[in-house]
Amino acid sequence: FPSHDMIRHLPDAVLLVLIFAIVILLMFVGFIILVVMVYKKKQMVFIKEKLLQEIEYRNQILEKELEIQKKIQEERERISHDMHDDLGAGISALKLQAEFLKQKINEQHLKEDINDLLKTSEEMNLSMREMLWSLNSNNDTLGNFIQYLTIYSENFFKKTEIEIKIDRKVDHPEKQLNAETRRHLFLCAKEALNNIYKHSQARTLSVFFLLEQDIFTLEIVDDGVGIENKKKSGNGLYNMERRMNSIEGSFKIKPSKKGLHLLFQVQL
């Protein structure tokens, strides 16, 4: 811009043109600023509208997912009730008839066959109770899983000489544990306990439960003979690894001087 002295010596016409030019320039700058502000405001409104649309879309997906989960839960409950009412009653009636039949028969070999039948029906009844437990949505917490596996383990070894120790380090037992994860963890533990009972020759068994930063760890440790010749193959161990992989968990056989140390981990 021209200095104050230069402006004083300019003719009036030139001075008027200069003032007019300065005003036009300022108006142009103001117009540019206004256009930029309007553009930014429209851009912000557009971004907010897109964000709201995305949130609404996600909410719709979430509502549909919740509706699907609700229907799945209702179906689980229906299957659970049907199994309890129909299959459970059928197994109980079968056991009762077998007991009556056993009392009427004198032949020893027939009584042994009936005993096998009763044993099979009891195993079916136990399997059914396990399935009912896995289907019941009220059990979808870490605390219920720990309680159920603890009771199962203690009952499993109750009539044996194996001493069982339970250690729980879980500060949040209310943590959710979905049915699939709960079922696979239980079946892994069941397989491990069964192998210990049949093959380990152990005297003591320890079961550890640990929850740390949303990672749940289940450890089963015995003081038996371990895996002979360091073999880590076999259907039981393979099934454990397969089940843990299916729930994006991990299965490891930890080094141990004596016995076997199994570690199962899954992120909740």
Side-chain angles (χ1 to χ4, degrees), residues 119-120 122-131 133-134 139 141-173 175 177 179-268:
K119 184 179 178 182
T120 301
E122 184 59 37
E123 290 173 352
M124 288 177 61
N125 193 36
L126 181 61
S127 297
M128 186 196 67
R129 288 202 300 268
E130 292 171 5
M131 291 176 66
W133 172 77
S134 66
N139 296 323
T141 63
L142 190 56
N144 282 328
F145 170 77
I146 292 172
Q147 182 183 24
Y148 186 83
L149 184 55
T150 298
I151 294 172
Y152 179 89
S153 304
E154 291 172 345
N155 288 336
F156 189 86
F157 291 102
K158 184 166 59 176
K159 295 182 180 180
T160 71
E161 295 182 355
I162 298 177
E163 180 186 358
I164 183 168
K165 300 176 181 178
I166 307 292
D167 186 16
R168 305 177 187 86
K169 291 182 180 178
V170 176
D171 294 331
H172 300 284
K175 196 80 174 176
L177 189 67
E180 183 183 9
T181 301
R182 186 161 50 89
R183 178 173 175 271
H184 282 295
L185 275 173
F186 173 74
L187 291 175
C188 285
K190 182 180 177 181
E191 181 79 33
L193 297 176
N194 190 54
N195 288 341
I196 291 170
Y197 173 73
K198 288 183 176 179
H199 309 296
S200 72
Q201 302 176 27
R203 304 293 298 175
T204 60
L205 165 69
S206 298
V207 182
F208 299 95
F209 301 99
L210 174 66
L211 179 63
E212 226 172 20
Q213 296 181 348
D214 287 342
I215 295 178
F216 175 60
T217 302
L218 168 64
E219 294 184 73
I220 300 177
V221 186
D222 70 75
D223 63 352
V225 297
I227 300 177
E228 294 181 4
N229 301 322
K230 304 296 181 181
K231 289 182 180 178
K232 297 185 179 180
S233 60
N235 289 334
L237 298 177
Y238 170 77
N239 287 337
M240 294 178 198
E241 186 172 14
R242 178 179 58 84
R243 288 187 181 282
M244 293 306 297
N245 287 337
S246 71
I247 55 174
E248 299 181 356
S250 64
F251 165 64
K252 295 178 183 177
I253 301 176
K254 295 188 70 175
S256 180
K257 293 182 180 180
K258 188 178 182 181
L260 193 60
H261 188 160
L262 304 179
L263 183 143
F264 308 90
Q265 281 187 325
V266 66
Q267 180 153 0
L268 306 183

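Because the structure is a prediction, the values reported are computed rather than measured.
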Which heavy atom of [X] sits nearest a heavy atom of [Y], and at what distance?
X      : Y      : result
Leu149 : Phe186 : CD1-CD1, 4.0 Å
Ser246 : Glu180 : O-OE2, 4.2 Å
Ser250 : Met244 : O-CE, 3.6 Å
Ala192 : Ile220 : CB-CD1, 3.9 Å

To the nearest 0.5 Å, how far apart are [atom1] in [X] and [atom2] in [Y]?
X      : Y      : atom1 : atom2 : answer
Asp222 : Ser256 : CG    : OG    : 7.5 Å
Leu185 : Gln265 : CG    : CD    : 11.0 Å
Leu177 : Ile247 : CG    : CD1   : 8.0 Å
Cys188 : Leu193 : SG    : CG    : 11.0 Å

For this session: With sequence neighbours excluded, tell me which residues meet salt bridge (Lys or Arg N to Asp or Glu O under 4.0 Å) with Arg182.
Result: Asp140
For this session: Give the ring-plane orientation class for Phe145 versus Phe216, where under 30° counts as parallel, over 60° as perpendicular and anything between as tilted.
Result: perpendicular
For this session: Please step through side-chain contact (heavy atoms from CB on, under 4.5 Å) for the pair Ile215 and Glu212, ending with a clear verdict.
Result: CA-CA 5 Å; Ile215 295 178; Glu212 226 172 20; 5.5 Å; no
Exercise. Val207 pairs by side chain to side chain contact (heavy atoms under 4.5 Å, CB included) with which of Ile146, Leu218, Val221?
Worked result: Leu218
Do [X] and [Y] make a side-chain contact, defined as non-hydrogen atoms from C-beta onward lying under 4.5 Å apart?
X      : Y      : answer
His172 : Leu268 : no
Glu248 : Gln267 : no
Gln147 : Thr150 : no
Val225 : His199 : no
Phe208 : Thr217 : no
Ser200 : Leu260 : no
Arg243 : Glu191 : no

Exercise. For atom OH of Tyr197, is the number of surrounding heavy atoms from other residues, nucleotides or ligands below 6.0 Å larger than 12?
Worked result: no
Side-chain donor-acceptor pairs of residues 157-169 under 3.5 Å, sequence neighbours excluded:
unit_1	atom_1	unit_2	atom_2	d
Thr160	OG1	Phe157	O	2.8
Thr160	OG1	Ile162	N	3.3
Glu161	OE1	Arg203	NH1	3.1

Problem set entry | N/O donor-acceptor pair under 3.5 Å between Asn245 side chain and Glu241 backbone | yes
